[in-house]
Structures are given as C-alpha cells and as structure tokens.
Amino acid sequence: MTAERTAPERLTEDQAAAELARLAAAIARHDRLYHQEDAPEISDAAYDALRRRNDAIEARFPQLVCADSPNRRIGAAPASGFAKVTHRVPMLSLDNAFEDADVQAFDQRVRRFLGLGADEPVPLVAEPKIDGLAIALHYEDGRFVLGATRGDGTTGEDVTRNLATLRSIPARLKGRTPARLEVRGEVYMERADFLALNRAREAADEPVFANPRNSAAGSLRQKDMAVTASRPLRFFAYGWGDLAEDLGPTQWACLDRLDALGFTTNPERKLCAGVDEALGLWRAIEAKRASLPYDIDGVVYKVDRLDWQARLGSVGRVPRWALAHKFSAETARTTVEDIVVQVGRTGALTPVANLAPVTVGGVVVSRATLHNEDEIQRKDIRVGDTVVIQRAGDVIPQVLAVDLDQRPKDARPFDVPTACPVCGSAAVREDGEAVRRCTGGLTCPAQAVERLRHFVGRDAFDIEGLGEKQIAAFFEAGLVRAPADLFRLEARDATAEPRLAEREGWGTVSAANLFHAIAERRRVPLARFIHALGVRRVGEGMARVLARRYRTFAAWRSAMDAVARGDADARADLLAIDKVGDAVADALAAFFAEPHNERTLDALAAEVTVEDAEERAAGTTLAGKTVVFTGTLERMTRDEAKARAEALGATVAGSVSRKTDFVVVGSDAGSKAAKARELGVTTMTEDEWLALAEAALGGRPPPAGRGGRGKWRGTS
DNA sequence: TCCCCTCGAGTTCA
DNA sequence: CTCGAGGGGA
C-alpha cells in the first residue's frame, strides 16, 4: 500500500514529510496551470482533495509545515498576478474611539493643537464607516486609469480591471475635471446581495462567504474580471489622495464635488457644527444600523476645514484630523482551557490563555494574551473559568471579564512562574515593573531565537523567507546562533553536510532564494541596523533619532562605547537628544558594556555595510539644525511649531545645550532663554523664526513623507 | 511633582 | 490593538 492512501494519523514522520513535499509540488503546479496558464489539468474537486490531504497531514505533523507549504505560499505571495502599486500619498488608518469621552478628547486635542478657544466649535463631517475594503482610484484627464487596494497603506495591489466593472466607479468623470485626481473610498457589498450570492453558491455546491466584507474582498481579487463583474459590488467615495488641484476648501465641499464628478458619497453624511451634534448623529446612525442596507462598524468624523486638516497633519500612520467612533464590539463566551507562559525577546514572560475555540466577529479565536500577572489577578482569571471575550478594535482577542457564577470548583488559579519555562533560569520581577523576566539572557534559547527573529524582521533587516520556524530550526541545528551567522550561511553551506537544500522543508530553489534575500541586505541604513540589534528601549523611532544624531555607524559606536565606559561628556551628549532620557541611556550603556554584544557588533561589522544616515529634508537651510522652543508662542502652538521645524529637517530639542543652533523665545520665557544667553546660543523671536522657516521652505510645499519618486513603482 | 503623550514590546488570526 | 513606562511640558 502506498503512503498516499494511508490516513494521516498512521503515517510515519518520514512518510508524511515525503508526501507533503510531493503535495506541495503538485499543488504549486496546478496553481500555475490554473492561474497563469488558464489550462487546468484536474477538476476543482480533485484539486480540493489535494489541498485537504495536505492540510490533514499538516494538522497531524505541525512540525513539518515548511516554508513552501501551499498554505503559506498563498498568504505570502498573493501571487495570483496582481501588480503592486505604491501609494504616492500613504493610505492612513484612523484613530479609534469607543466612548463619547474619547470623542470629546479628540475635539479637545484638535482645539488645543489649533490654539482655538473653548467656545469656538470645530465643525465636523460625520458619515458611517463602511465595513468594506479601502480603495484608491486614479483618474487622469477625467479617465479612470488605475485602481488599487489599500494593502499595508504604502503598497497595494493593482485591481484596475476588476474595479472597472463596478457601476458606481465612473470610467469617465462628469463636468470640468482636474488633470489628475485620486479618489479614495470603500468597496462593499450590500447585505441582501451578499445573502443572495451565498444562496447561489450554496446551490452550486461552492463554499459560502463568511460575511459581506469577505465576500467583497474575494470578489475583487478575482483573476477573471468577468467573475467580478457578476458580483454586486458597490463603491462609496469618502476622500482623496494625490491631487492636481484642490477640490474645495472644506471636506464637505469636496464630497459635494465628488458627487458632481459622478461618484456616490454616503447619503447619511452630515456636516455637524460641533462635537455634540456629531455625537448625536452617531446615536442616530447606531439606531438605524440594522436598517441600513450595508454593514457598518462605526461613524467617521473629519475636521471640515481643509486648512485645519493640513495644520493638524498626522502622527505616524494616523491623521490628527479624523477619528473613527466605533460601535461596541461583539462579545462571546468561552472557557479557559489553560494558561501558558511565553518568553519574549527581552525575556518578558507573558501569560496567554488557551481558549475553547469560539467565533467572535466572524473569526474563530482560540488564544488571548493576558498581558501580565497583575492583569490576571485583577480580573481573577483561572483555568476552567468561563470568560467573556471580544476582539479589541475588531482584531486582537481580549478577555473582558470572568463569569464567576460559572466557575467550577476545581478552577485553578494561575501559578506565577519563578523560573523561565524554557531555560529554567530564575524569573524575576523588578521593583515597580509589571513584567516578570527570564534572567537567562542569551543563554535562554527562547530569548536568543526571539532576538534573531527581531533582527530579520520587517522593521529591521527585513530578510524574506525567514520566519519563526526557519529561525528556530537554524538555531536548533547550530547554523545560526548570532545575527552575523546569517551572512556566513551561504559560504558555510558550500561545504556543509547536509547542504541546506537537503534539509527538511528546503529545496534548491528556496535555499537559493534565501541566500539571495540575505545578500540583498548586506547594505543597511544605520537606523535599521540600530533597531535590529534589539537594545532594550530602542525601537524603530528611537533608532531613527539616534541615527539622525550620530550619522555614521563608527560615530555611534564609539559614542556608545564611551557612554558604557562612564564618559560623562558622551553621556551628556546622548541625553541632550530630544526623547533620550536616563532609561534609554542606561539601556544603551548596559548593551555596550556587555562583551558579548561587542563581539556581535564586530562580527556584524565585518559582514555588512552600514549606510550613513541621510540628512533629512536636505537642501533647506534648517536641515540638521537643532532648535529649542521656549516660552509661550503666539502664532502657533508648540506641537505645530515642532512639526513644522521637523518637516524642514531640523531637530527639535527639549533643552538648551552647546549643540543647540537656535532658541526661539516666546513670551514669558524662563530658564532656557537665560541658559541660551549664558552659552552664547543664537536666540530669536517667534516672528524671526517664522520668517526663517518661510525662507527655508523656498515657497515649496513641505516635503511629503519618504516613498516613491516617480510614478507607481511596479515591483514584483 | 504630576499629567499627558508617545513609544516600545507584547500579542491574534487571516 | 493594548498596556506600561519614559520623556518632557506645566
């Protein structure tokens, strides 16, 4: 009897591995025949049988799931042939609010930022937040030329042909049209259409969609645009990206203009005089939620005046001028089957609840983080308890409360670990800290592996094809113990036994791909490099700050070495940087005092080229200058002044030092102005500063974020 | 010294 | 996404 017919549970591990490899190859081949060559050799049913067999074996032997598992490949490469599109203006996400108080706070924040009085209302445009897919539509001279999904906000997929089949997306705009226009909005499916579609699919013995959102997503990402055309998709326009000319002075006027151009905007939209009226609209929409023909998950508020929107700008990926006020999330009840402890990169021990699987908000949830021991105590969560869970912000599962009436007699409280569950080192909780940490450092395999994962992660070295499994396997096999080992992998592999390509889960192609991905990262910007090291308290933002200040790897390293040696000047320099305090300085000193880390750096320096940090906004006269604001500013708020200065390439510091270039002195300035005089640092008034900023700008609009020059970069 | 805001580090599931 | 802690303004 061939292994092929054997029930998965009766396969030996070797047989299973062999069969998985065979299935992966077969499925990949049929995928290609189906998607790219449009010439399937087997029926869909036969194909499904292959997939099911693969899944069953993977479920039985999870340790054998490898990089080229068909299930992974689908997620990793939405390969079905959509080109990538880079959004020239990133598609931001929205800050969320769940309660009236959060909305009031938003209003306050906006008012404070703009320097408005308490009695000056901020008019808001409110409209339902459609539960669909965010889309960007590009028009040139009135013609629809490109449509893309949001993707990660920076890069999405080109689904132009599919979008062109939607009635509510005009192929040509009406009336006078801007030369270039990017309209943004939501593609969705009405509930009635969704139900009808599912009935038809059921009748045709096809799998049904879980909800209208998934249904819309699935319909849009069809290879065959005829299929998309047959699906009842619709589009609401609610915003814009790249524009050749303004659509109007306010959000409201722009929405009217979009209507006039031939788009559909949401009929529930309303211009509210202030936050109270907006909250009233929220309640009205919540009340009629069920009677709306489409699913919504809240109401979006946007500051109406576009000049205010521009002044407010955005923080990270979130605009300060918009807010999503969500309806309360769906909850579910389930039982806690176990509480396990995970070890993070810094040794943090995190308790996680294993739950009896339950569906919440359309997804099956089986785990939820419990954060730390205090949290468990506060909520009194025990193994065996029935708990109420929700998906916070509709994503991350969260335990809300315990149903004490349902507590079984034998419910077991969580045992606080005194030793690391992985390496057995003592697990201690420092005074005043909420987390307990494994003290094993890099001798703890869990920490070592997590650090490597961080090193190759997307925000750090970004090495493709190295996930948790692969890193763990390499570590286990002794191939990669420290970051530099990655860069020696290929050379070492030439003489290794067995070769990587002969290892389980790898083939010649995947091995070559990996070596290629690693080789591509031998040049790395300083900020990424610093972040990759995983120094405590030094994340992405801090790494950028440090890179900007020290410019070169050599300068940074020697400065940090000096700090570690206790050099007071070096430490003072470090602390003079805005956002660097004692805790960060101590963390860096501790890292560089560790001989092991010094060796790691030496080894890495021999393998990679660290690129010097570029001057931000180079070319403006303020680039690289350090500015300190003090006293009360009259013409702009502090936040605004700071955002402006940074956009011009300046660094805004909190305190005056010898390194400070200008001190902008507002009214009622105190010690900082005095210190500036004492050190002989240039001081100026607010008006002088504004003139300087204006001159630095040279009449150009502030530089947009980093990203593509040129047109949409067609990678992939 | 206190409070607010931002950032870091943790985590889920598709 | 959330919690906790650091940094910096008041």
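Chain naming here is simple, since letters A, B, ... match the order of the sequence lines and numbering starts at 1 in each.
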CA sep, side-chain torsions, deciding dist, call: A:W321, A:Y301, ring pair (Phe, Tyr, Trp, His ring centres under 6.0 Å): CA-CA 8 Å; A:W321 44 267; A:Y301 308 124; over 10 Å; no
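- Contact between the side-chain N/O atoms of A:N372 and the OP1/OP2 oxygens of C:dG4 is found at a separation under 4.0 Å.
- Regarding A:Q108, its CD atom lies at a distance of 17 Å from the P atom of B:dC3, rounded to whole Å.
- Listed nucleotides: C:dG6, B:dC5, C:dC3. Nearest to the side chain of A:R112: B:dC5.
- A straight line from CG of A:L370 to P of C:dG4 spans 13 Å, rounded to a whole angstrom.
- Per the geometry, CZ belonging to A:R436 stands 15 Å off P belonging to C:dG4, to the nearest Å.
- With rounding to whole Å, A:R544 atom CZ is found 9 Å from B:dC7 atom P.
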Polar atom pairs (N or O), protein with nucleotides 8-10 of chain B, under 3.5 Å:
unit_1	atom_1	unit_2	atom_2	d
B:dG8	OP1	A:G539	N	3.2
B:dG8	OP1	A:G541	N	3.4
B:dG8	OP1	A:M542	N	2.6
B:dG8	OP2	A:G541	N	3.2
B:dA9	OP1	A:R537	N	2.9
B:dA9	OP2	A:R345	NH2	3.0
B:dG10	OP1	A:T346	N	3.3
B:dG10	OP1	A:T346	OG1	2.7
B:dG10	O3'	A:T350	OG1	3.1

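- Scanning for side-chain hydrogen bond (donor to acceptor under 3.5 Å, both in side chains) contacts around A:E373 gives A:R429, A:R436, with sequence neighbours left out.
- Here the C1' atom of nucleotide B:dT12 and the CD1 atom of A:I389 are 11 Å apart, to the nearest Å.
- Residue A:I577 contributes atom CD1, which lies 15 Å from atom P of B:dC7 at whole-angstrom precision.
- In this structure, the nucleotide among C:dG4, B:dC4, C:dG6 sitting nearest to the side chain of A:A583 is C:dG6.
- Within the 4.5 Å cutoff, the side chain of A:V580 has heavy atoms near those of the A:M542 side chain.
- For A:R109, the side-chain atoms get nearest to B:dC5 when compared with the rest of B:dC13, C:dG7, B:dC5.
- Between A:L312 atom CG and B:dC5 atom P there is a gap of 14 Å when expressed in whole angstrom units.
- The distance between atom CG of A:L588 and atom C1' of B:dC7, rounded to the nearest whole Å, is 15 Å.
- Residues forming a side chain to side chain contact (heavy atoms under 4.5 Å, CB included) with A:R345 (at least two apart in sequence, or on another chain): A:E450, A:R451, A:H454.
- The side-chain hydrogen bond (donor to acceptor under 3.5 Å, both in side chains) test applied to A:R109 returns no partner, not counting sequence neighbours.
- Within the 4.0 angstrom heavy-atom criterion, only backbone atoms of the sugar-phosphate kind lie near A:V352; the bases stay farther away.
- Qualifying side-chain hydrogen bond (donor to acceptor under 3.5 Å, both in side chains) partners for A:N354, counting only residues two or more places apart in sequence or in other chains: A:R367.
- Judged as a side-chain hydrogen bond (donor to acceptor under 3.5 Å, both in side chains), and not counting sequence neighbours, A:R201 has no contacts.
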